[in-house]
Every structure is written in structure tokens, then in C-alpha cells.
Amino acid sequence: MITLLKKVSESDTTVFVQGETGVGKEVIATAIHRHSFRKDKPFIRVNCSALPESLITSELFGHEKGAYTGAINRRMVRFELADGGTLFLDEIGELPLDLQVRLLRILQTKQF
């Protein structure tokens with residue numbers, strides 16, 4: 001496991017850590033981040049299952065000032081906050097499928 005963790009840490013690739021709730025996915029993601037060239041950059045955690053459905057899109061993808069009632073400022077997307085660092089999306093399987101597809105597209109193209 002340590003050898004695999006080191007190998008992944010040295011690469012510049014998206015990593016998918018799969019497991020049941022409570023098995024330590026965040027521990028693995030944190031270890032990968034700490035041993036990577038991104039270690040001095042942000043490590044942004046997002047618990048996808050804790051996001052209220054009405055705010056998921058805004059939380060993940062941000063919004064511009066005036067985009068909807070109550071949007072008084074521009075909200076940076078989590079991808080911008082993690083720029084150059086690591087974005088850990090926990091419980092991503094709890095998101096609606098249409099948002100999972102959008103996230104997959106961002107991960108594939110590395111553009112948002």
C-alpha cells in the first residue's frame with residue numbers, strides 16, 4: 001500500500017479512492033497530497049453528501065454576482081480554491097447523476 005501511495009503521489013493524475021463510508025478515504029487522500037509536489041498548495045475537502053441539494057451547484061461550480069436572488073458576491077468554485085493543490089470530493093456517489101457527469105467532464109478536460 002505504501003509503494004502504491006508513493007507512486008500515485010509522484011504523478012500528476014486524478015486519483016479515485018473507493019470505499020465504504022468510514023474506511024479512511026480522506027486519510028489516503030491526505031497522505032497522497034502530503035507526499036506530492038502539491039503539498040504546499042491547498043487541500044480542499046468537500047463532503048458531497050452534506051451539501052443541500054439546493055446549493056450543490058453553487059457550492060461546486062460557484063456563481064457570479066446577481067446570478068440569482070441572494071447572490072450578492074461572486075463565489076469561487078472549489079476547483080479555483082484548490083488551484084495547484086488537491087480537491088478531495090468525498091461521497092461523490094451521493095450527488096445527482098447530472099452533477100456527477102459535469103464533474104467527470106471537468107476531471108477529463110481539466111477545464112471548468
Side-chain angles (χ1 to χ4, degrees):
M1 178 64 125
I2 302 290
T3 304
L4 185 58
L5 187 127
K6 284 182 181 180
K7 193 178 280 191
V8 169
S9 297
E10 294 169 357
S11 70
D12 184 26
T13 188
T14 300
V15 178
F16 181 73
V17 180
Q18 184 177 4
E20 297 296 320
T21 301
V23 297
K25 296 181 296 288
E26 187 171 349
V27 172
I28 298 296
T30 302
I32 291 169
H33 177 78
R34 286 187 180 154
H35 290 92
S36 74
F37 64 90
R38 296 179 298 275
K39 64 185 170 203
D40 296 325
K41 301 290 184 176
F43 181 85
I44 305 295
R45 296 167 184 84
V46 179
N47 183 345
C48 296
S49 66
L51 296 174
E53 193 165 332
S54 60
L55 296 177
I56 291 173
T57 303
S58 177
E59 284 291 318
L60 291 177
F61 304 108
H63 61 257
E64 295 295 325
K65 180 179 178 180
Y68 58 87
T69 304
I72 57 174
N73 294 315
R74 179 179 183 270
R75 181 177 184 87
M76 291 179 66
V77 299
R78 300 296 174 112
F79 292 93
E80 287 177 300
L81 295 172
D83 188 30
T86 300
L87 179 61
F88 174 63
L89 300 170
D90 195 15
E91 304 296 340
I92 197 168
E94 300 296 319
L95 291 175
L97 289 177
D98 62 318
L99 288 180
Q100 289 183 38
V101 170
R102 289 173 67 184
L103 285 170
L104 178 61
R105 182 109 173 127
I106 290 169
L107 294 173
Q108 288 175 330
T109 64
K110 297 187 180 190
Q111 295 180 347
F112 59 90

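Numbering starts at 1 and runs along the sequence shown. Predicted model only: the values in this text are computed from it and were never measured.
- In this structure E91 satisfies the side chain to side chain contact (heavy atoms under 4.5 Å, CB included) test together with T21, K25, N47, S49, E94, sequence neighbours excluded.
- Hydrophobic clustering keeps V27 apart from I32 (ILVMFWY residues linked when any side-chain heavy atoms are closer than 4.5 Å, directly or through intermediates).
- Here the closest heavy-atom approach between residue C48 and residue L89 is recorded as SG-CB, 4.2 Å.
- Under the 4.5 Å side-chain criterion, counting only non-hydrogen atoms from C-beta, L87 is in contact with V46.
- Considering all non-hydrogen atoms of both residues, S9 and A31 come closest at OG-O, 4.3 Å.
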**Report entry** Check against side chain to side chain contact (heavy atoms under 4.5 Å, CB included), D12 and R38
**Finding:** CA-CA 9 Å; D12 184 26; R38 296 179 298 275; 3.8 Å; yes
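- When hydrophobic clusters are built by joining Ile, Leu, Val, Met, Phe, Trp and Tyr residues whose side-chain heavy atoms come closer than 4.5 Å, directly or via intermediates, I28 is not grouped with I2.
- Neither L5 nor V23 shares a network with the other; the hydrophobic side chains, linked directly or stepwise wherever heavy atoms of I, L, V, M, F, W or Y lie under 4.5 Å apart, form separate groups for each.
- Expressed to the nearest 0.5 Å, how far OG1 of T14 lies from CD1 of I106 amounts to 11.5 Å.
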**Report entry** Intermediate values then yes/no, side chain to side chain contact (heavy atoms under 4.5 Å, CB included), I92 and L103
**Finding:** CA-CA 9 Å; I92 197 168; L103 285 170; 3.8 Å; yes
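- Applying the ring-ring contact (aromatic ring centres under 6.0 Å, His included) rule to pairs touching residues 16-42 yields H33-F43, sequence neighbours excluded.
- Between R78 and R45, the shortest heavy-atom contact is NH1-O, 3.8 Å.
- Heavy atoms only, all atoms of each residue included: Q100 and L95 are closest at NE2-O, 2.7 Å.
- Residues I44 and T86 have side chains not in contact (no heavy-atom distance under 4.5 Å, counting atoms from C-beta outward).
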